[in-house]
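Input: a single structure, listed below in structure tokens.
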Protein chains: 2
Amino acid sequence: MEKVIKMTLLFDFYGQLLTERQQRFIELYYGHDFSLGEIADQYGVTRQAVHDTLKRAGKILNDYEDKLGLLDKFMTERNKITEALELLRGYRQDPKPEQLDRVEKILTEITELSEE
Amino acid sequence: MEKVIKMTLLFDFYGQLLTERQQRFIELYYGHDFSLGEIADQYGVTRQAVHDTLKRAGKILNDYEDKLGLLDKFMTERNKITEALELLRGYRQDPKPEQLDRVEKILTEITELSEE
């Protein structure tokens with residue numbers, strides 16, 4: 001996964017576990033495309049300090065995902081739902097019962113997974 | 001939500017953030033229905049110590065959910081998928097196009113939510 005997208009998703013999942021400053025820097029850098037220098041100017045710190053804060057925050061987010069794997073679980077499920085949706089749309093354009101079989105199978109698997 | 005079920009779900013989501021001992025006690029108490037006294041005997045600690053560890057662990061899990069809300073997000077999505085599955089099964093027993101409209105709408109909403 002591309003780094004900016006991955007960091008954005010990780011931040012969306014675990015961002016609330018970071019400090020206020022770590023959150024702001026990530027939002028500016030990854031969300032608003034600020035440079036290290038621009039963030040440094042705005043906060044009155046060095047470029048190196050911004051770099052270190054971003055690096056540390058990124059490591060924290062990655063460590064949470066390594067432990068919990070919730071983003072991975074979420075993305076896997078999201079891909080299955082997208083597949084089900086494509087099959088359903090295919091069926092509505094050109095109905096073949098096998099497509100609905102597969103949609104039902106995918107949705108059933110997802111709901112059963114959560115009951116383990 | 002019933003407390004045992006909620007604790008089990010919270011533990012499933014965030015359990016890896018607890019200490020080994022907190023994890024074992026939760027598994028025994030909520031997963032295997034051990035009493036406080038049985039856990040205390042097995043670990044050579046007091047009932048009170050087991051109680052305190054469970055209470056502390058429960059608070060940690062609840063605090064993570066308060067901050068991140070990932071279990072809530074997951075359950076909301078799970079309910080939508082269950083609804084879509086029921087509509088789809090209804091359609092297959094007695095086809096009405098509106099049912100497929102609603103299935104498609106639900107699945108579309110879920111996939112669009114993740115792209116925000």
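Atom set for the values below is all heavy atoms of this structure, side chains included, hydrogens, waters and symmetry mates excluded. The sequence lines fix the lettering, A, B, ..., with proteins before strands; numbering per chain opens at 1. Remember, predicted model here, so these are calculated numbers, not experimental data.
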Counting neighbours of CZ on R102(B) that are heavy atoms of other residues, nucleotides or ligands and sit closer than 6.0 Å, is the number greater than 12?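 Not more than 12 within 6.0 Å, no.
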
Using a 6.0 Å cut-off, check whether atom CG of D66(B) has over 12 heavy atoms from anything other than its own residue.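 Yes, because the 6.0 Å sphere around CG of D66(B) holds more than 12 heavy atoms from other groups.
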
Residue pair L85(B), V103(A): steps toward the side-chain contact (heavy atoms from CB on, under 4.5 Å) verdict: CA-CA 9 Å; L85(B) 184 55; V103(A) 174; over 6 Å; no

Hey, does [Y] have a side-chain heavy atom less than 4.5 Å from the side chain of [X]?
| X | Y | value |
| --- | --- | --- |
| L107(B) | L107(A) | yes |
| F13(A) | K73(B) | yes |
| Y14(A) | Y64(B) | no |
| R89(B) | T108(A) | yes |
| L70(B) | F74(A) | no |

How far does CD1 of I110(B) sit from CZ of R78(A), to the nearest 0.5 angstrom?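 It comes to 6.5 Å.
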
With a 4.5 angstrom heavy-atom cut-off, could you sort out which part of T8(B) is near chain A: side chain, backbone, both or neither?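 Neither the backbone nor the side chain of T8(B) comes within 4.5 Å of chain A.
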
Which pair of heavy atoms, one from Q16(B) and one from K67(A), lies closest together, and at what distance?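 Heavy-atom minimum between the residues: CG-O, 3.4 Å.
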
Given the rule in the side-chain contact (heavy atoms from CB on, under 4.5 Å) test, do R92(B) and D101(A) qualify, once you have shown the distances and angles that lead to the verdict? CA-CA 10 Å; R92(B) 303 197 78 181; D101(A) 287 343; 2.6 Å; yes

Residue among T82(A), L100(A), I106(A) with most heavy-atom pairs under 4.5 Å to chain B: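 That would be L100(A).
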
